[in-house]
Amino acid sequence: MDTLAEVARVVSACTDCQLHAGRTNAVPGEGPDAAELLFIGEGPGFHEDRQGRPFVGPAGNFLEDLLQSIGMTRDQVYIANMVKCRPPENRDPSPSEIAACSKYLDRQIELLDPLLIVTLGRFSTARFIPGQSISRVRGRLRRVNGRHIFPIMHPAAGLRRQEMRAAIEEDFAKIPGLLDVLRIQSEPASEGPQVRETGASFEPTPSQQSRSLWDVIAPTEPESSGSETEAPAPAELDEPNDPPPGQQRLF
Ligand code: URA
Ligand code: SF4
């Protein structure tokens with residue numbers, strides 16, 4: 001599988017787990033080959049199975065609204081799922097189904113080499129950050145085995161519960177700043193230190209002009225927004241569980 005199109009072709013004919021038996025269409029994923037941003041959901045639902053495209057039902061509409069809120073459209077990003085065929089009755093994908101399908105997502109990630117991976121919900125988050133609850137890790141950038149991972153709660157959860165919706169919107173709003181920082185960081189080393197010190201190639205919006213790069217990465221939380229779904233304060237995060245080897249918590 002040397003191209004994303006080829007991955008999609010192989011996925012469409014795959015029978016490597018039992019999910020193939022119930023599908024109308026496999027849903028390999030879609031987006032430009034050069035997308036900087038990769039979203040990883042859980043698995044196709046009813047509408048996705050019918051159309052063979054990811055996130056085209058209600059959760060997809062919400063995802064499109066979220067993208068619009070940061071000035072992006074879905075044709076600028078790559079959208080994939082942990083499993084490419086719909087689990088019956090939208091049940092959770094099983095560990096063996098996820099294992100059977102992971103070779104496709106692995107290859108998609110290699111071929112895309114995205115600047116930032118946004119994991120939507122607990123299944124895709126667990127692929128990079130196992131054993132931690134999504135409510136604990138969401139909204140904070142991590143580096144995992146050389147990839148930048150930003151976990152967010154699943155849009156479908158936001159459709160069910162208003163406080164989750166607010167948390168998702170809050171986390172989503174951080175994406176443009178993260179991309180700016182990661183773009184600067186990925187520039188050739190000869191330019192890197194200079195840019196990092198002066199912030200020269202970072203174009204702040206007026207409200208960001210007096211803020212440091214660090215403020216953009218980890219914006220100060222407003223005092224009054226004390227919802228239960230907020231990520232714990234950094235101090236709390238730091239003590240009990242240091243990231244395992246290969247992982248680095250960036251903030
Ligand atoms: N939910 C997902 O996780 N993926 C989709 O493609 C659609 C809904
Ligand atoms: Fe193949 Fe993945 Fe579909 Fe299972 S879910 S049949 S591994 S493409």
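Counting starts at 1 for both ligands and their atoms, following the listed order. Basis for what follows: all heavy atoms, side chains included, without hydrogens, waters or symmetry-related copies.
For the pair Met82 and ligand 1, no heavy-atom separation below 4.0 Å is found. Contact between Ala156 and ligand 1 is absent, with no heavy atom of the residue lying under 4.0 Å from the ligand.
Of the options Gly41, Gly43, Gly29, the smallest heavy-atom separation from atom 5 (C) of ligand 1 is shown by Gly43.
Side-chain atoms of Arg74 never come within 3.5 Å of backbone atoms of Ile79 as a donor-acceptor pair (strictly under, hydrogens ignored). In this structure, the side chain of Arg107 engages the main chain of Met1 through a donor-acceptor pair within 3.5 Å.
Of the protein's non-hydrogen atoms, Asn81 OD1, 2.8 Å is the one closest to atom 4 (N) of ligand 1. Closest to atom 4 (Fe) of ligand 2 among all protein heavy atoms lies Cys17 SG, 2.4 Å. The nearest heavy-atom contact from the protein to atom 2 (Fe) of ligand 2 is Cys101 SG, 2.3 Å. Nearest to atom 3 (Fe) of ligand 2 among the protein's heavy atoms is Cys85 SG, 2.3 Å.
Near His154, meaning under 4.0 Å from one of its heavy atoms, ligand 1 places the atoms 1 (N), 2 (C), 3 (O). Set against the non-hydrogen atoms of Glu42, the atoms of ligand 1 under 4.0 Å away are 2 (C), 3 (O). Short contacts between ligand 2 and Cys14, defined as distances under 4.0 Å to a heavy atom of the residue, involve ligand atoms 1 (Fe), 6 (S), 7 (S), 8 (S).
Considering Leu105, Thr125, Leu120 in turn, Leu105 is the only one that fulfils the side-chain contact (heavy atoms from CB on, under 4.5 Å) rule with Ile40. The salt bridge (Lys or Arg N to Asp or Glu O under 4.0 Å) with Glu97 is formed by just one residue from the set Arg86, Lys84, Arg23, Arg91; it is Arg91.
Salt bridge present: Asp92 and Arg122 bring a charged side-chain N and a carboxylate O closer than 4.0 Å. Here Glu169 pairs with Arg165 in a salt bridge; the nearest charged N to carboxylate O distance falls below 4.0 Å.
Taking every heavy atom of both residues into account, Pro28 and Gln108 meet most closely at O-NE2, 2.8 Å.
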